[in-house]
Engineer: 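Could you have a look at this structure, given as structure tokens, before my questions?
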Amino acid sequence: MSKSRRDLQIHKTYEALFALEDLREVFRQSLPTGLDKEQENSISETLARLKGIIGDLERGEGRLNENKIGRLEPRTREEEFINIHPIQAAGRLTPEARKAMISYGDGYSACDFCRKPFRLDKISRPPIEEFHQELARFVNMDEARVVPGARRGFQAVTQSILKSGDSVIVSSLAHYTEFLAVEVAGGVVKEVDLDENNLITAEATAQKIEEVREETGTLPALVMIDHFDYQFANEHDVYEIARVAHEYGVPILYNGAYTVGIKPVDGKKIGADFIVGSGHKSMASAAPSGLLATTDEWAPIVFKTTQMTGDLTKRRFGIKEVQNMGCTLMGATLLSMMASFPRVKERTGQWEEEVRKSNYLLEQFLRVEGSRVQSEWPRKHTLSKVDTSDSFDLVAKKHKRRGFFFSDELKERGIVGEFAGATRTWKLNSYGLTWDQIRHTAESFLDIAAKYGLNVA
Ligand SMILES: *Cc1c(COP(=O)(O)O)cnc(C)c1O
């Protein structure tokens, strides 16, 4: 199948989906007792249009419709291209999640059967309560809640346990949202230095805890560590770091933004007090979504319920959790998470294969003379940082499009997601690509190199 035929079929698929939504809207505007004449006509017209679209789709021909939604262009990036964007790979929706999105897109759609005690994680239809129990089991912790992104998980923890001026130990590769979560709670970040391999060690963490104790007279209130950091996706020794933190009696938050949902995570084995994951980064879910899981020991603290009483009305709001503002993800975000979950659980079992694909892709990439991988080698993750200063950047220096020559060439081969214009250091993520897509991407790197006269081993 030619590329243009494939592209046309993708756009025709969207056109058909949108036509079905127009059809659906007729039902929403009609009486439960039946359609009137005008509505019947509207259905017939839409169906006729749909049949036309399906015919075009079958033949792979026809007029290309822009499918604009007002001023919005439909997003067809995941259909048209191989996307190696560092943060988008494992948040791509499953077909189940996309179906859940279209059926639960309405505002408070999770609340149809919300009954006393009126809290999101207690709803049994759809099975949200059960999902929460499954989430806790999934990361082997006692309790879990869904949160609007990993960042809100960090925030729930920091705001529950920090006092103003408390120190929090973070990695020198910590994500900005960890800084903000400490800041919003009135704390102060204290960064653990990296070793020569860009790793956070347990010894360095212990040393930083000691330093904080000397400097401030008190122990830090929390250690927050990324299992795989977002800059290199190097693996840090969370097991030993958790052990050290506990030796000092300091709780540890395991940041699983780049693990929960793609590789097995066992909170008890790690010895974590808190596990945070990102739905839209690693659990094939819509944004903003994520999870915060904890132990029976910490649950009453981070999931503290409201104690407030209205001075006039004497109203109280029972079991609403303060840090979660009562309820968190009330519609399509949550339902996308739930719909993807069976596949997400299953896919963590294939992590080794994902890592093999990542290593294969980069081995091929390294055949281009002058290319380097800045992340630890061999790769233990699908996200990697590479340096092409001495390969593709040499071409960029002389090319009229500068660094954009590389993105142009990749795009021509159906690959997007590397930072456009960047030819020195950049990141890519191969998560979820098929072997065919991996091989195509590898061949594209080599092909572009050869085209511009770079040596290929
Ligand atoms: C992406 C990322 C986050 C933020 O995740 P959200 O779910 O978008 O809040 C936090 N920490 C790390 C290490 C990340 O890579």
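Values reported hereafter were calculated over all heavy atoms of this structure, with side chains retained and with hydrogens, waters and symmetry mates removed. Start at 1 and go down the list; that is how both ligands and their atoms are numbered.
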Engineer: Without swapping roles, check the side chain of Arg402 against the backbone of Lys397 for a donor-acceptor pair under 3.5 Å.
Structural biologist: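 Yes.
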
Engineer: Between Trp426 and Phe392, does the ring centroid distance fall short of 6.0 Å?
Structural biologist: no

Engineer: Going by the order shown, which atoms of ligand 1 are within less than 4.0 Å of some heavy atom of Gly149?
Structural biologist: 7 (O), 9 (O)

Engineer: Flag Asn255 as yes when one of its N or O atoms lies below 3.5 Å from any N or O atom of ligand 1, and as no otherwise.
Structural biologist: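 It does: an N or O of Asn255 is found under 3.5 Å from an N or O of ligand 1.
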
Engineer: Does Ser278 reach ligand 1 with a nitrogen or oxygen that is under 3.5 Å from one of the ligand's nitrogen or oxygen atoms?
Structural biologist: yes

Engineer: With rounding to the nearest 0.5 Å, note down the distance linking CD in Glu363 to CZ in Arg356.
Structural biologist: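 Going from the CD atom of Glu363 to the CZ atom of Arg356 covers 12.0 Å.
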
Engineer: Taking only heavy atoms of Thr177, which atoms of ligand 1 are found under 4.0 Å from at least one of them?
Structural biologist: 3 (C), 4 (C), 10 (C)

Engineer: Can you name the atoms of ligand 1, numbered from 1 with element, that are less than 4.0 Å from a heavy atom of Tyr258?
Structural biologist: 15 (O)

Engineer: One thing to verify: whether Lys268 and Asp266 come together as a salt bridge, which I'm taking to mean a side-chain N less than 4.0 angstrom from a carboxylate O.
Structural biologist: no

Engineer: Which word best sums up how the rings of Tyr14 and His11 line up, parallel for under 30°, tilted for 30 to 60°, or perpendicular for over 60°?
Structural biologist: tilted

Engineer: At less than 4.0 angstrom from any non-hydrogen atom of Tyr230, what atoms of ligand 1 do you find?
Structural biologist: 15 (O)

Engineer: Ignoring hydrogens, just give me the one of His280, Met224, His175, Gln231 whose non-hydrogen atom is nearest atom 12 (C) of ligand 1.
Structural biologist: His175

Engineer: So, regarding Arg151 and ligand 1 (criterion: nitrogen or oxygen to nitrogen or oxygen, under 3.5 Å), is there a contact or not?
Structural biologist: yes

Engineer: Using a strict 4.0 Å cut-off to heavy atoms of Phe154, name the atoms of ligand 1 that fall inside it.
Structural biologist: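 Those qualifying, in numeric order: 10 (C), 11 (N).
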
Engineer: Run the side-chain donor-acceptor check on residues 150-159: report pairs under 3.5 Å with partners two or more places apart or on a different chain.
Structural biologist:
from, atom 1, to, atom 2, distance (Å)
Arg151, NH1, Tyr176, OH, 3.0
Arg152, NH1, Gln155, OE1, 2.7
Thr158, OG1, Phe154, O, 3.3
Thr158, OG1, Gln155, O, 3.1
Thr158, OG1, Ala181, O, 2.7

Engineer: Throw together a table of side-chain donor-acceptor distances under 3.5 angstrom for residues 200-208, partners on residues two or more places apart or in other chains.
Structural biologist:
from, atom 1, to, atom 2, distance (Å)
Thr201, OG1, Ala204, N, 3.0
Thr205, OG1, Thr201, O, 2.8
Lys208, NZ, Glu191, O, 3.1

Engineer: If you take the centroid of each ring, where Trp contributes its six-membered ring, are Tyr258 and His227 closer together than 6.0 Å?
Structural biologist: no

Engineer: Does the N or O separation between Lys281 and ligand 1 drop below 3.5 Å for any pair?
Structural biologist: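 By distance alone, the answer is yes.
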
Engineer: What about Ala150: any of its N or O atoms under 3.5 Å from an N or O on ligand 1?
Structural biologist: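 Yes - when backbone and side-chain N and O of Ala150 are compared with those of ligand 1, one distance drops under 3.5 Å.
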
